[in-house]
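Notes follow once the structure below has been shown.
Below, read A as the first sequence line, B as the second, and so on, with proteins coming before strands; counting in each chain starts at 1. This structure is a prediction, so every number in the text was calculated from the model and none was measured.
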Protein chains: 2
Amino acid sequence: MRRSEIRDHLLDTALRLFNQYGYHATGIDLIIAEAGVAKTTLYRHFETKEDLILAALERRDEEDRNAMRAFVEQRTGDPVERLLATFDFLETTVRDKQFRGCMFMSAAAEHKDTVDPVFRASLMHKRLALAYFEELAHAARFAEPKRIAAEINLLHEGAVAVAQITRIAEPTREAKRMARQLLAAEERLTPPTRGGDGGERTAR
Amino acid sequence: MRRSEIRDHLLDTALRLFNQYGYHATGIDLIIAEAGVAKTTLYRHFETKEDLILAALERRDEEDRNAMRAFVEQRTGDPVERLLATFDFLETTVRDKQFRGCMFMSAAAEHKDTVDPVFRASLMHKRLALAYFEELAHAARFAEPKRIAAEINLLHEGAVAVAQITRIAEPTREAKRMARQLLAAEERLTPPTRGGDGGERTAR
DNA sequence: GCCAAACGATACAGATCGGTATACTTCTTC
DNA sequence: GAAGAAGTATACCGATCTGTATCGTTTGGC
């Protein structure tokens, strides 16, 4: 293993274990044992366990958001359908055998103080996710893109939370149906042109 | 303090600390220090820390569900309005200064294994909450009470999750608006009679 | 008022926690 | 190929974890 890969490997291992057991329950000794790395090495790359957690969350944040963007944008060009496609992306993540809930919500649950750096990192991730929804809602020319984004966001969080407890993927489909129903009743700034200005027809 | 009160006092203290710091981060030593009780005493009432957690969650489960029932049932007699009133109850809990997220979701986040007794206790609480929504949806004569209950439940979880991160109460109001919008489009088994068969008119 | 149960206080066990120190080896790079 | 950075392995530190043992004191029920 090349030297530059060790850091990535440590982050991968840590993320996997944090997801499986949680942050407090995952000890440094377990991480280095699973990564097959000496403790000295870990502490050469990360000053403290908290630093490791923060680096892991940063990595995961970028991965998640990039993956959602890529999934959604190759799925359809219509902004409304893109808003709905975010739930399909959610479904793929929930169907993963390793799914045990949103790692950022878990991080916030284990670090409840709002000034805790881990809490703030989770908050930042959620803000960025919300910003993406707002971007899509704006592109869809909804009259109140901020409110639409907040509603989509709330449905996402609800679907993931229910899936975390029930360990089934149905809540993500349910949330999508609810989103479609709600969006259908929403005002748009300009009525969508019939017959294609870049995307297919708006959601029914 | 009378003997029978010690157990209750320990549960209160433990719940408060679990809510403030989380389950793993709250040590036995802190609990007994805050409760002003000897370690021997705690272990006379609870065999292990896990037993204490389970007892605390059981207590909280009953408290929460009873409080919601009481709040909702004194608020209105109309079943649809009762479904919507559950969000008002949610708002009161979220507005509490001590609110740091749902204790059951946090418990499930820290005990992710589905066979873990703590996870199962959280799952059981969520099932009972869902059953109450179903009871209300049935009373409201919705054509698909199970689906309605699941939708209300998903909105609840979403509102609490967003409130946990943002630490504002607005998501509960937002979820209520979404619920009202969704319920208005739902079929009922028998159209509500105009002019009172026990409840006021159905939601607009 | 006696007795047993429950309490408080403290010390301790054994494990594990995050993190450091040391000594040796293996790369990478000039 | 020398030098220095980064790796491994291991021992260790002090703190903290859950849980137990000991022992003297308080208390409630008969």
Starting at atom NE2 of A:H24, determine the distance to atom C1' of D:dT16, rounded to an integer number of angstrom.
13 Å
B:R7 has an atom CZ; how far is it from atom P of C:dA5, in whole Å?
20 Å
Indicate whether the side chain of A:T166 and that of B:K126 have a donor and an acceptor atom separated by less than 3.5 Å.
no
Counting only side-chain heavy atoms from C-beta out, which of C:dC7, D:dG7, C:dG18 sits nearest to A:K49?
C:dG18
With a cut-off of less than 4.0 Å, is there a side-chain N or O of B:H45 near OP1 or OP2 of C:dC7?
yes
Using atom CD1 of A:I32 as one end and atom P of C:dC17 as the other, report the distance to the nearest whole Å.
10 Å
Measure CD/A:E5 against P/D:dG7 and give the value in whole Å, please.
12 Å
Interatomic distance where CD1 belongs to A:I28 and P belongs to D:dT10 [whole Å]
19 Å
Nearest of C:dG18, D:dT10, D:dG19 to any side-chain atom of A:T40?
D:dT10
Among D:dG19, C:dG8, C:dG18, which is the nearest nucleotide to the side chain of B:Y43?
D:dG19
Check A:A35 against A:H9 and note the closest heavy-atom contact, atom names and distance.
O-NE2, 3.0 Å
With a 4.0 Å cutoff (strictly under), does any side-chain N or O of A:T48 reach OP1 or OP2 of C:dG18?
no
Result for 5'-nearest mapping on DNA chain C, choosing between A:E47 and A:A25, is A:A25
Side chains of A:T86 and A:K176: do they bring a donor and an acceptor to under 3.5 Å?
no
Whether the side chain of B:K39 and the base of C:dG8 hold a donor-acceptor pair under 3.5 Å is what I'd like checked.
no
Derivation and outcome, ring pair (Phe, Tyr, Trp, His ring centres under 6.0 Å), residues B:Y23 and A:H24
CA-CA 9 Å; B:Y23 299 88; A:H24 285 91; over 10 Å; no
Write down the distance between CG (A:D29) and P (D:dT10), rounded to a whole number of angstrom.
14 Å
d(CD1, A:I6; C1', C:dC27) in whole Å:
10 Å
Per atom distances to the A:A38 side chain, the nearest of D:dG7, C:dG18, D:dA9 is D:dA9
note: B:R44, atom CZ; D:dG19, atom P; distance rounded to Å ~ 16 Å
Any cation-pi pair here, B:R188 with B:F142, using under 6.0 Å and within 45°?
yes
